[in-house]
Amino acid sequence: MKKVLQIFLAAALGGCAARTETAPELKTGIWRATIELQEQLLPFNLDVHKNVSGNYEIFLKNAGENLVLDEVEVKNDSVDIALHIFDANIKARIEGDQLVGEFVKNYEKDYRVPFRAHYGQAYRFERGKDQSNVPDFNGKYSVTFIHEADTTPSVGVFHQRGDSVTGTFLTPTGDYRYLEGNVVDGRLQVSAFDGNHSYLFYAVKQGENTLSGEFYSGKTFKATWTAEKSDNPVMPDPEKLTYLKPGYDRLTFSFPDPDGKKISLDDPKFKDKVVIIQLLGSWCPNCLDETLFLNQWYDNNKHRDVSVLGLAYERKDDFAYASERVKKMITKTKVKYDILIAGTNDKAKASMTLPELNAVYAFPSTIFIGRDGKVKKIHTGFSGPGTGEYYQQFIEDFNETVNELLEERE
């Protein structure tokens with residue numbers, strides 16, 4: 001009887017063991033992901049790796065950019081991906097070669113959009129059926145975005161090889177960073193997803209040198225745009241958009257750093273120095289680009305009489321929240337200069353924190369202050385590395401301005 005019971009138990013346990021399922025695995029390699037916005041599918045690519053410690057690292061890929069996502073939690077069949085410095089996550093379920101879930105902005109109420117990813121797919125947009133006669137979208141364009149009654153002059157830059165396209169748009173308040181896509185059945189399709197902002201552009205040719213298209217961003221924003229090919233497209237002068245009000249020649253402020261310590265331009269460490277003020281937000285991808293530039297520049301030039309000081313305008317009027325977000329940005333990007341908590345990203349409220357300015361027009365913006373403490377120049381927006389030659393021109397102008405200010409004496 002005892003032996004029969006042992007055989008029965010072994011069989012029962014064996015049956016249980018046979019039915020036990022191992023947890024799904026997040027496969028390493030390339031994935032094609034999409035988020036659904038306004039009944040459109042915005043594609044981007046993820047490259048999943050495991051580091052030497054066995055932890056997941058995911059590269060969020062947009063054209064020439066590989067944004068490292070190193071806060072990845074895999075538990076049973078669930079994946080939770082923190083999206084770099086941004087207060088946002090991808091939360092998904094592993095279903096074999098697919099991930100199914102949502103893109104969530106934590107700082108916005110009920111901001112959840114469908115997310116899906118397919119393993120082993122390296123393309124962006126699906127290839128067109130007719131590859132024999134692909135229209136050429138190469139070149140620079142004078143662009144006008146039209147949203148309701150508002151128009152925005154911009155510059156478009158596209159680089160095409162076969163049916164593959166990269167490029168960006170420059171606007172008076174910044175650029176749309178690293179766009180990537182394809183020409184599909186005669187239609188230009190490019191997109192970018194940086195972990196916080198989502199951009200999707202379509203266009204068709206209306207003639208040899210003219211384009212018309214649509215622009216989708218986030219859950220609700222939609223604009224149309226037209227473009228005319230141009231060897232030298234121009235936009236409003238970024239040094240004339242933000243300026244000092246009559247009667248002012250300097251800024252006066254005192255804001256806390258993320259630990260609550262107040263810092264102002266009257267502090268001894270800024271005396272007789274050229275000071276570069278950066279208006280930014282940890283939520284802002286253009287600000288991330290400028291922060292990376294300024295951090296490297298400051299590291300190479302801190303032996304000179306220069307200082308960089310960031311003024312952060314965050315998504316919530318809550319010091320604890322703002323401090324947490326700025327600290328994460330500082331840690332992730334290894335910022336070596338001070339960043340202060342100045343207010344919220346509401347531009348009207350932000351303008352009240354710097355009443356000497358006509359307005360806070362854009363994040364980022366850069367304010368150059370001379371050795372005498374006076375404002376010498378204000379540059380609205382930023383042409384980041386995704387803009388190619390425009391980024392190089394910004395760097396040249398930036399260095400020229402600083403060098404001229406360093407030569408000035410009171």
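Atom set for the values below is all heavy atoms of this structure, side chains included, hydrogens, waters and symmetry mates excluded. Because the structure is a prediction, the values reported are computed rather than measured.
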Quick one, Arg315 with Asp346, criterion salt bridge (charged side-chain N to carboxylate O under 4.0 Å, His left out). Give me CA distance, side-chain angles, the key distance, then yes/no.
CA-CA 8 Å; Arg315 289 289 194 179; Asp346 180 284; over 6 Å; no
Apply the test salt bridge (charged side-chain N to carboxylate O under 4.0 Å, His left out) to residues Lys332 and Asp70: give CA-CA distance (whole Å), side-chain angles for both, the deciding distance (0.1 Å), then the verdict.
CA-CA 10 Å; Lys332 288 282 188 184; Asp70 56 7; 2.3 Å; yes
Step-by-step salt bridge (charged side-chain N to carboxylate O under 4.0 Å, His left out) determination, Glu71 to Lys328:
CA-CA 12 Å; Glu71 298 175 76; Lys328 182 169 187 177; 2.9 Å; yes
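Ion pairing between a basic and an acidic side chain is recognised when a charged N comes within 4.0 Å of a carboxylate O; Glu239 and Lys377 show such pairing. Under a 4.0 Å N-O distance rule, the pair Asp249/Lys245 does not qualify as a salt bridge. A salt bridge links Lys327 with Asp259: the closest approach of a Lys/Arg side-chain nitrogen to an acidic carboxylate oxygen falls below 4.0 angstrom. Using a cutoff of 4.0 Å between basic side-chain nitrogens and carboxylate oxygens, Arg93 and Glu102 are not scored as salt-bridged. A salt bridge links Asp80 and Lys91; the closest N-O separation between the charged side-chain nitrogens and carboxylate oxygens is under 4.0 Å. Of the charged side-chain nitrogens involved, none lies within less than 4.0 Å of a carboxylate oxygen, so that Lys50 and Glu57 do not count as a salt-bridged pair. The pair Asp305-Lys271 fails the salt-bridge criterion, with no side-chain N (NZ, NE, NH1 or NH2) lying under 4.0 Å from an Asp/Glu carboxylate O. Note on Lys229 versus Glu208: no salt bridge recorded, every NZ/NE/NH1/NH2 to OD/OE distance being 4.0 Å or above. Taking a cutoff of 4.0 Å between a charged side-chain nitrogen and a carboxylate oxygen, Asp231 and Lys140 do not qualify as a salt bridge.
Under the 3.5 Å distance criterion, with hydrogens and angles disregarded, no donor-acceptor pair is assigned to the side chains of Thr166 and Glu180. In the model, Thr210 has a side-chain atom that pairs as donor or acceptor with a side-chain atom of Glu228 under 3.5 Å. With 3.5 Å as the limit, one finds no donor-acceptor pair spanning the side chains of Ser154 and Thr152. Defined by atom type and a distance below 3.5 Å, a donor-acceptor pair is missing between the side-chain atoms of Asn138 and Arg161. At a cut-off of 3.5 Å, with distance as the only test, no side-chain donor of Asn301 or His303 sits close to an acceptor on the other residue. Judged purely by distance below 3.5 Å, without hydrogens or angles, the side chains of Tyr321 and Asp87 pair a donor atom with an acceptor atom.
Under the 6.0 Å distance and 45° angle rule, Lys219 counts as a cation-pi partner of Tyr111. Annotation: cation-pi geometry not satisfied between Lys336 and Tyr298 (NZ/CZ under 6.0 angstrom from ring centroid, within 45° of ring axis). With a 6.0 Å cutoff to the six-membered ring centre and a 45° limit on the axis angle, Arg187 counts as a cation-pi contact of Tyr202.
Tyr119 meets the ring pair (Phe, Tyr, Trp, His ring centres under 6.0 Å) test with Trp31; sequence neighbours excluded.
In this structure, the ring of Tyr199 has its center less than 6.0 angstrom from the ring center of Tyr176. Two rings, from Phe169 and Phe145, have their centers less than 6.0 Å apart. Ring centroids of Phe215 and Phe221 are separated by less than 6.0 Å, placing the two rings close together. Under the 6.0 Å cut-off for aromatic ring centres, Phe394 and His379 qualify, their centroids lying closer than that. A centroid separation of less than 6.0 Å is found between the aromatic rings of Phe293 and Phe398. You'll find the ring centres of His49 and Tyr56 outside the 6.0 Å limit.
When all heavy atoms of Ile367 and Val375 are compared, the pair lying nearest together is CG2-CG1, 3.9 Å.
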